[in-house]
There are 2 protein chains.
Amino acid sequence: MTFSAQTFQFFLQSLPIGAELNSAEISSIQSLNVTQKYYPPHTLLTGQGEFEHRIFFMNSGWGCIYRDLANGDRQIIDFPLRGDIMGMRSAEGPNYNSFASVADVSVFEVPAKAFYAMLEQSPRLSSYFMRVTSRQRSIIIEHLTNCGRRSALARTAHLFLEFASRLDAFGSLSENSYECPLTQYELADAVGLTPIHINRMLRELRERKLVSFRNGVVKIHDWYELAALSNFDPDYLVLKTLS
Amino acid sequence: MTFSAQTFQFFLQSLPIGAELNSAEISSIQSLNVTQKYYPPHTLLTGQGEFEHRIFFMNSGWGCIYRDLANGDRQIIDFPLRGDIMGMRSAEGPNYNSFASVADVSVFEVPAKAFYAMLEQSPRLSSYFMRVTSRQRSIIIEHLTNCGRRSALARTAHLFLEFASRLDAFGSLSENSYECPLTQYELADAVGLTPIHINRMLRELRERKLVSFRNGVVKIHDWYELAALSNFDPDYLVLKTLS
DNA sequence: CGCCCACTTGAGTAAGATCAACCCGAGTGG
DNA sequence: CCACTCGGGTTGATCTTACTCAAGTGGGCG
């Protein structure tokens with residue numbers, strides 16, 4: 001049993017995953033070849049087109065999955081947070097999008113093959129990871145809806161509410177406030193706007209006393225109004241603990 | 001062995017899935033509780049919030065997965081075509097989006113539980129279905145990039161090229177032309193524009209001799225120019241046959 | 001000190017939405 | 001058989017949202 005495997009098991013048992021593991025599951029997790037890694041801000045963990053296949057478990061920090069376009073633009077697909085599982089793509093084939101750190105990131109890395117082998121052993125783990133995959137799909141769908149059918153102001157508000165809900169699932173929201181290391185450029189690439197316009201939307205949200213985002217901290221002043229403005233319904237984010 | 005199971009097996013063996021099945025796989029497919037169903041245009045197969053859980057295999061026709069918004073707008077997530085597998089969501093929990101037919105649709109339906117049980121039996125089937133899921137993720141991501149970071153003209157062009165590539169995988173593209181039963185309203189809801197603007201983009205694409213879309217048939221006149229204009233790279237659509 | 005990066009603000013512009021007609025072909029009911 | 005409707009498509013005029021360009025600010029850091 002390695003130290004990494006031990007902290008990995010503890011990670012699985014804590015929020016937001018909250019796994020209640022039986023002894024068979026514990027032993028198969030303990031025998032997994034896990035390594036805990038730390039990445040500084042703005043480091044590429046896997047790039048578009050790469051073949052090497054690891055599974056990442058976000059332990060802490062903010063990640064960023066995105067797609068680079070030929071003209072230099074990019075589209076951010078999602079910002080993985082604690083508990084999110086990255087890299088569950090098809091067994092073969094190159095990676096379709098890039099995964100980087102935004103702020104300091106701590107992850108657990110597992111070779112894909114070993115991970116899939118473990119899933120085959122435990123139907124409970126396997127069904128949990130299917131739920132995770134399905135939730136990630138819902139998140140991407142919500143981002144698509146955001147870009148396609150909501151105004152700039154609503155999009156921005158929606159994103160801040162999504163972060164709040166997700167962070168709340170593991171206790172990183174306190175008094176409707178949370179730390180957010182994103183720049184306005186990153187927000188812009190996530191919701192399909194220019195950074196300049198994001199800036200104006202932030203100002204409006206601040207002046208209307210709905211949310212403020214300054215010095216890396218977001219404070220939600222009026223959750224109800226924000227949810228109404230942005231059509232936010234947190235249903236797509238629910239993910240029951242592994243129990 | 002039911003008649004439906006027989007035609008279902010034949011469906012799996014034909015393009016685009018092209019499965020080469022061994023006898024164990026054939027017998028587990030044959031014992032599956034499959035029903036073949038036909039739906040007229042604009043019929044809801046499963047709605048947002050429903051709990052009943054079936055897996056759908058698109059046999060022919062055009063489907064439509066979408067999300068309804070409170071204000072009456074909607075965002076179309078994808079148009080499933082032959083070979084696409086729908087409903088692979090988390091084992092529990094309500095359906096997060098709606099699935100309807102656009103034109104006449106023929107599908108195979110399997111109860112989710114039985115289907116997952118079958119996957120546990122065959123690692124080859126299971127890895128194939130993971131690839132399918134992963135490709136669907138890529139498609140949604142591409143739609144998100146489309147909405148977030150491409151112009152109206154590029155979005156429209158991109159969608160037509162995507163259809164062409166997908167249809168080509170099972171021989172429904174001939175001489176760069178294919179049948180497309182979508183209305184301009186549906187195109188608009190897919191790419192996040194108004195139907196009026198879609199109409200103008202269609203006119204421009206037609207006048208520039210790039211694509212035409214009239215009377216339910218799309219004809220691609222200049223694939224190369226279109227791909228350049230819309231930044232289209234078909235990599236995200238590749239899905240190896242099950243062999 | 002000076003540079004760089006993120007953020008901020010203003011002015012002008014362009015892309016796409018909105019509003020309002022109108023056409024046309026397929027039903028449909030008198 | 002004709003009038004009517006209805007759904008899809010087409011076009012023009014106008015308006016709004018968000019982009020572009022440009023010029024700041026201010027903090028952090030070598």
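Bear in mind the structure is a predicted one, so any value in this text is a computation, not a measurement. Every chain is numbered from 1 and lettered A, B, ... according to where its sequence line falls, protein lines coming before strand lines.
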(request) Have a look at A/Tyr236 and tell me which of A/Glu162, A/Arg135, A/Arg137 forms a side-chain hydrogen bond (donor to acceptor under 3.5 Å, both in side chains) with it. (result)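 Among A/Glu162, A/Arg135, A/Arg137, the one that satisfies the side-chain hydrogen bond (donor to acceptor under 3.5 Å, both in side chains) with A/Tyr236 is A/Glu162.
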(message) Given B/Arg149, which partner from the list A/Asp189, A/Asp73, A/Asn71 fulfils the side-chain hydrogen bond (donor to acceptor under 3.5 Å, both in side chains) test?
(response)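 Single side-chain hydrogen bond (donor to acceptor under 3.5 Å, both in side chains) partner of B/Arg149 among A/Asp189, A/Asp73, A/Asn71: A/Asp189.
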Whole-Å distance between [N] [atom2] and [X] [atom1]?
X: B/Arg150; N: C/dG16; atom1: CZ; atom2: C1'; value: 18 Å
X: B/Leu187; N: D/dT10; atom1: CG; atom2: P; value: 11 Å
X: B/Glu204; N: D/dT10; atom1: CD; atom2: P; value: 15 Å
X: A/Met201; N: D/dT17; atom1: CE; atom2: P; value: 9 Å
X: B/Asp73; N: C/dA17; atom1: CG; atom2: C1'; value: 12 Å
X: B/Glu186; N: D/dG9; atom1: CD; atom2: P; value: 8 Å
X: A/Tyr185; N: C/dT8; atom1: OH; atom2: C1'; value: 10 Å
X: B/Leu202; N: D/dG9; atom1: CG; atom2: P; value: 9 Å

Please determine whether a side-chain nitrogen or oxygen atom of [X] lies at a distance below 4.0 Å from atom OP1 or OP2 of [N].
X: B/Thr194; N: C/dG16; value: no
X: A/Asn199; N: C/dC7; value: no
X: B/Gln184; N: D/dT10; value: yes
X: B/Arg214; N: D/dT10; value: yes

Given [options], identify the nucleotide with an atom nearest to the side chain of [X].
X: B/Ile196; options: C/dT18, C/dG16, D/dG9; result: C/dT18
X: A/Thr183; options: D/dT20, C/dA6, D/dA18; result: C/dA6
X: A/Arg203; options: C/dC7, C/dG10, D/dT10; result: C/dG10

(request) Tell me, with the steps shown, if A/Val211 and A/Leu161 meet side chain to side chain contact (heavy atoms under 4.5 Å, CB included). (result) CA-CA 9 Å; A/Val211 231; A/Leu161 286 176; over 6 Å; no
(request) Look at the side chain of A/Arg200 against the base of C/dG10 and say whether a donor-acceptor pair falls under 3.5 Å; ignore hydrogens and angles. (result)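 For A/Arg200, whose side chain was compared with the base of C/dG10, there is a donor-acceptor pair (under 3.5 Å).
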(request) Establish, from distance only, whether the side-chain atoms of A/Asn199 and A/Gln184 form a donor-acceptor pair under 3.5 Å. (result)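 On atom types as modelled, these side chains qualify, holding a pair under 3.5 Å.
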(request) Quickly, which of B/Phe163, B/Tyr178, B/Phe160 forms a ring-ring contact (aromatic ring centres under 6.0 Å, His included) with B/Phe213? Name it, please. (result)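 Between B/Phe213 and the candidates, ring-ring contact (aromatic ring centres under 6.0 Å, His included) is satisfied uniquely by B/Phe160.
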